[in-house]
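Scroll down for the structure; my scribbles are underneath it.
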Amino acid sequence: MVSVQYDEVGKKYGDTIAIEDVDLSVEDGEFTILLGPSGCGKTTTLRCLAGLTQPTSGRITLDGHDVTDIHPKNRNIAMVFQNFALYPHMSVRENIGYPLKVANVDADERRERVEQVAETLEIPELLDRDIANLSGGQQQRVALGRAIIRRPAVFLMDEPLANLDAKLKMSMRSRIKVLQREMDITTLYVTHDQEEAMSLGDKLVIMDKGHVQQIGAPDEVYHEPANRFVAGFIGSPSMNFVEVISEGDRIRAAGAPEAFDVRLNERVANRYRDHEEFTLGVRPQYFTVHTDRVENAVEATVEVTEPQGDEQIIDVEVGPDPLSITVVAPSTVNADRGETVWLTVEDELLHGFDHTTGDRIAETDDVERTSRASTSADTRS
Amino acid sequence: MTTEQDTPADTLPYKQPSRTEEWFETLSKYGVTKAIVYGLLGVFLVWTLFPIYWLVTATLKTRQTLLSFPPQWIPLDAQFGNFARLFAERPEFLTYIINSTLVTVVTTVLATTIGAMAAYAFVSFDYPYNLDFHLPFYILSTRFMPPIVTIIPLFVIFRNLGLVNTLQGLILVYTMFNIPFAVWMMKGFFEEVPESLVESAMIDGHTHIGAFFKIVLPLVKPGLVASAIFTTIITWNELLFAVILALNDNAITVPVGLASFVTKFSVQWINMSVAATIALAPVLVFAFVARQQLVRGFSMGAVGK
Amino acid sequence: MATETDQEARASAIGQLRTDQSTGERVLLWVDDHLKWLMTLPAVLILFSLTFYPLLRALQISTLQYLPTGTTFVGIENYANLLDSEAFLNSLVVTAKFVGVSVGIEFILGFSIALLLNRKLKLRGLWQTLILIPMILSPTVIGLIWRLMYAPNGLLDYIAAPFTGGANVGWISETGTALYSVILTDIWQWTPFVVLVLFAGLQSVPDDIREAAIMDGASTRQRFLDITLPYLKSLIVLVLIIRLVDALRVFAKVYVLTRGGPSSATNVISMQMYRTAFRFNNFGEASAMAVSLLVLVMVLAMSFMKIANVEFGS
């Protein structure tokens with residue numbers, strides 16, 4: 001078991017920057033998720049550790065030993081690929097046993113360990129089948145088996161669940177989590193699926209455009225996003241962003257100052273005193289929808305509603321030059337297209353982002369609020 | 001495999017590379033391996049291309065400079081008159097070129113059309129006894145048959161039908177020759193045309209045959225071009241059948257004419273080089289047009305799609 | 001709510017569903033109904049009349065004493081004569097040597113070059129196009145090119161001069177070297193083919209499978225043996241079959257370079273067949289050779305495919 005350290009790692013292809021200044025440390029046995037939209041550099045980051053991509057700058061160390069120039073085959077790192085990358089001409093048994101075969105483990109021990117791994121993954125009956133005759137989920141387990149058989153120092157997974165259907169994804173997800181906990185292997189896992197990331201990771205590394213945007217526990221990145229990108233990327237439906245002007249304890253939308261005009265409680269308002277203009281961020285869940293006029297509310301027209309069972313997603317428009325806002329309301333709220341509703345904001349849960357840098361404006365009560373919010377927080381998909 | 005306590009090296013989280021591995025890595029790090037590969041590629045290219053260069057430059061030399069010791073690497077005193085002299089001394093060579101061109105063009109049109117139609121039918125229709133699967137395979141298998149096996153009976157049959165020494169006879173044989181290629185190549189292209197396209201064309205008021213010509217064929221144009229070029233090259237180059245079925249100037253094609261420059265007793269070096277260069281020129285043009293498809297054709301569709 | 005215009009539109013739409021047909025249309029519809037036979041007919045007809053029928057005739061002629069004056073049935077006498085014919089048996093040996101040596105070297109050389117080039121190199125399109133050229137040249141032209149190279153006092157004599165002391169080698173005129181000179185020409189023409197096809201095969205090995213093997217700790221040699229070779233197996237078999245079959249029927253190259261000489265040193269089977277039929281007018285015996293060659297090719301090709309198939313099935 002080892003810890004992993006990225007030290008200002010960068011990779012350029014000609015003038016194109018794939019990743020830049022990646023600093024990251026993964027503790028021994030930790031399950032770390034690299035999360036971001038496609039093209040954000042998460043896979044490049046993973047491949048640098050695997051050694052399949054040679055970084056153009058920076059160092060990578062395992063337990064303090066520099067491995068940047070070590071050939072990938074000598075790194076004792078196992079990897080699960082998105083398309084499983086099973087060897088098509090080998091049986092399941094040969095696939096799982098291949099890492100031991102190339103390490104010259106003798107046939108008896110190999111057989112024993114393959115069977116042991118197959119037992120763990122509940123696929124002993126598949127051992128003598130051809131790869132071509134396996135379902136996606138079975139192939140996935142074989143790929144996992146091949147990765148864990150030699151008890152690697154680090155375990156890498158590149159979108160291992162992306163090619164499975166929704167139901168299988170759920171069950172494989174919990175299987176991977178249990179496996180990782182049991183084996184206690186330092187794991188780096190790449191995904192673009194935030195739900196998967198939230199449910200699996202000890203630590204999330206959110207990346208965009210080749211840069212690390214935030215590193216933190218799942219709750220942390222959800223409730224204390226470092227910047228506008230993270231805030232918008234994490235959470236579904238996405239956070240609403242409104243350009244606002246702050247006037248004392250009131251904030252008004254820059255584009256619709258008459259229609260969007262909200263009074264904040266004093267403690268929250270104080271945070272934004274120094275910011276004449278900033279970007280307001282409110283998750284759809286933190287609006288409350290009223291069908292009757294209420295105090296300190298924003299009047300809006302319902303554009304479309306999408307029932308989701310217990311709740312519904314409502315897209316509304318505010319003001320003459322309409323500002324679109326998405327809110328989540330219980331399914332008991334009766335709101336049809338064209339009707340008028342009133343939205344109130346839970347001002348303790350809103351965020352402000354700097355107009356130019358996009359960084360979140362400091363909230364002095366970060367810690368206190370987090371603990372309170374996490375009891376009611378809804379990390380639903 | 002050693003267990004973790006055995007050697008101090010195992011406290012490292014990675015395996016120490018062996019001496020040879022390190023050596024190879026150092027070599028590739030400084031671009032040495034790459035330089036060697038480029039060097040060998042260069043040697044291979046020179047080996048492959050030099051003989052052709054040698055033939056083409058021979059057309060500009062004289063009988064004396066052609067076989068001089070040491071060789072004249074670059075033709076210094078270019079004899080462009082050699083080209084005119086070929087046609088002056090061997091006027092019949094022009095007839096051979098015309099014959100070859102006629103045979104090649106007609107064969108290409110016939111083989112590509114017939115092959116494409118059959119390929120389309122095999123792809124889109126169901127036949128009894130699984131013929132849509134078996135027939136293309138048998139058609140392809142004729143490609144493995146040595147043509148010399150049928151040449152004696154064909155000669156006998158053609159002699160009875162009066163087809164020996166005619167261009168029609170050659171066209172027939174070459175069409176037969178090229179249909180397997182055309183069918184097999186076009187099959188791959190038709191398989192990529194979605195069935196719903198023809199169905200929707202028929203709903204829009206086309207007949208099936210109309211949809212084939214107006215909708216499907218334009219879509220597989222790259223395949224048609226590839227088959228046509230392939231057929232053209234094969235036909236233009238063919239010697240064996242021509243040598244046997246074309247005995248007089250009515251039907252003699254370029255390859256037969258070329259072979260006649262070389263007799264047991266003497267070789268007309270300069271005329272031969274000029275004629276051979278004229279024969280290879282059109283083929284070279286096609287090579288650059290349809291490189292990928294040619295590899296596909298030679299490997300019978302296995303690569304190069 | 002059907003308005004007046006709606007109804008009109010509907011009426012005219014129904015009107016287009018015509019039941020009356022012109023003669024031209026009836027012909028087209030008849031063609032459509034029989035399309036699947038009409039489209040395959042020309043191909044099948046030509047292949048049958050110019051391939052399968054002549055094959056049967058070849059079988060028939062091989063049992064005849066075929067003379068300009070008339071024919072007589074002689075049974076298997078032609079085949080029996082072949083076994084006694086020194087020229088024929090010699091042509092078998094020459095062909096076997098030619099096929100074995102040229103295909104063997106083409107494969108080993110071609111595969112090595114393909115492996116060597118299987119990395120990120122520049123100008124890939126260019127070298128692929130350039131090495132394609134020998135494959136598409138007419139064997140006649142190739143024969144002439146190499147005639148020129150092998151000519152007395154020619155280029156190869158000049159290159160060999162330091163070893164021969166200036167004497168002409170007689171590449172294609174000496175019995176000792178003639179066959180190998182023809183083989184060299186074949187290698188020159190077809191090694192690029194092996195390179196191109198196997199290179200394409202190597203490039204088609206998926207990146208993730210190659211990388212998975214690296215991550216599993218396999219060395220370069222292990223990756224080649226365990227991943228690359230099995231992956232390329234069917235392509236290797238195909239390349240070998242194509243080359244074997246084509247080499248077995250080599251004609252034009254020999255015809256232009258040596259005409260089978262000197263004294264039968266390069267007299268491959270098709271050359272012998274050609275001479276028997278069209279120089280000595282012995283169609284019967286030549287047909288017997290043709291049938292034997294066909295059987296040989298079929299057995300070789302099928303056993304090769306068998307080897308490949310059996311292992312794929314397991």
Heavy-atom pair with the smallest gap, counting every atom of F44(B) and I131(C)
CE2-CG2, 3.7 Å

Proximal component of T113(B), with respect to chain C [non-hydrogen, under 4.5 Å]
neither

Residue list, side chain to side chain donor-acceptor pair (under 3.5 Å) with S124(B), at least two apart or on another chain
none

What part of I234(B) gets closer than 4.5 Å to chain C, counting heavy atoms only: side chain, backbone, both or neither?
neither

Please rank Q189(C), M298(C), K122(C) by heavy-atom pairs under 4.5 Å with chain B and give me the top one.
K122(C)

Which answer fits I233(B), side chain, backbone, both or neither, if we ask what part of it has an atom under 4.5 Å from a heavy atom of chain C?
side chain

For L148(C), is it the side chain, the backbone, both, or neither that has a heavy atom closer than 4.5 Å to a heavy atom of chain B?
both

Quick one: what part of I148(B) sits under 4.5 Å from any heavy atom of chain C, side chain, backbone, both or neither?
both

Give the intermediate values and the outcome of side-chain contact (heavy atoms from CB on, under 4.5 Å) for residues F212(B) and L35(C).
CA-CA 11 Å; F212(B) 171 71; L35(C) 201 57; 5.8 Å; no

Heavy atoms, side chains only, cut-off 4.5 Å: are L49(B) and L130(C) in contact?
yes

In terms of heavy-atom proximity below 4.5 Å to chain C, should W236(B) be classed as side chain, backbone, both, or neither?
neither

If you compare all heavy atoms of P146(B) against all heavy atoms of R249(C), which two are closest, and at what distance to 0.1 Å?
CA-CD, 3.8 Å

Applying a strict 4.5 Å limit to non-hydrogen atoms, the region of L132(C) in contact with chain B is side chain

Which residues share a side chain to side chain contact (heavy atoms under 4.5 Å, CB included) with S292(C), sequence neighbours left out:
Y79(C), L82(C)

Taking side chain as everything from C-beta outward and backbone as N, CA, C, O, which of these in F286(B) sits under 4.5 Å from a heavy atom of chain C? Side chain, backbone, both or neither.
neither

Given heavy-atom pairs under 4.5 angstrom as the criterion, report whether the side chain, backbone, both or neither of F193(C) touches chain B.
side chain

Which atoms of I179(B) approach chain C - backbone, side chain, both or neither, heavy atom under 4.5 Å
side chain

Quick one: what part of W54(B) sits under 4.5 Å from any heavy atom of chain C, side chain, backbone, both or neither?
both

Considering only heavy atoms, which portion of A58(B) lies under 4.5 Å from any heavy atom of chain C: side chain, backbone, both, or neither?
side chain

Counting only heavy atoms closer than 4.5 Å, note whether D157(C) contacts chain B via side chain, backbone, both or neither.
both

Between F230(B) and chain C, with a heavy-atom cut-off of 4.5 Å, which part of the residue counts as in contact: side chain, backbone, both or neither?
neither

Atom group of L67(B) that falls short of 4.5 Å from chain C, counting heavy atoms:
both

Heavy-atom distance under 4.5 Å to chain B: side chain of A301(C), backbone, both or neither?
neither

So V291(C) and V149(B), do their side chains get closer than 4.5 Å, heavy atoms only?
no

When the 4.5 angstrom heavy-atom criterion is applied to F177(B) and chain C, the contacting part is neither

Need one label for M135(C): side chain, backbone, both or neither, based on atoms under 4.5 Å from any heavy atom in chain B.
both

Where does V239(C) contact chain B at under 4.5 Å (heavy atoms): side chain, backbone, both or neither?
neither

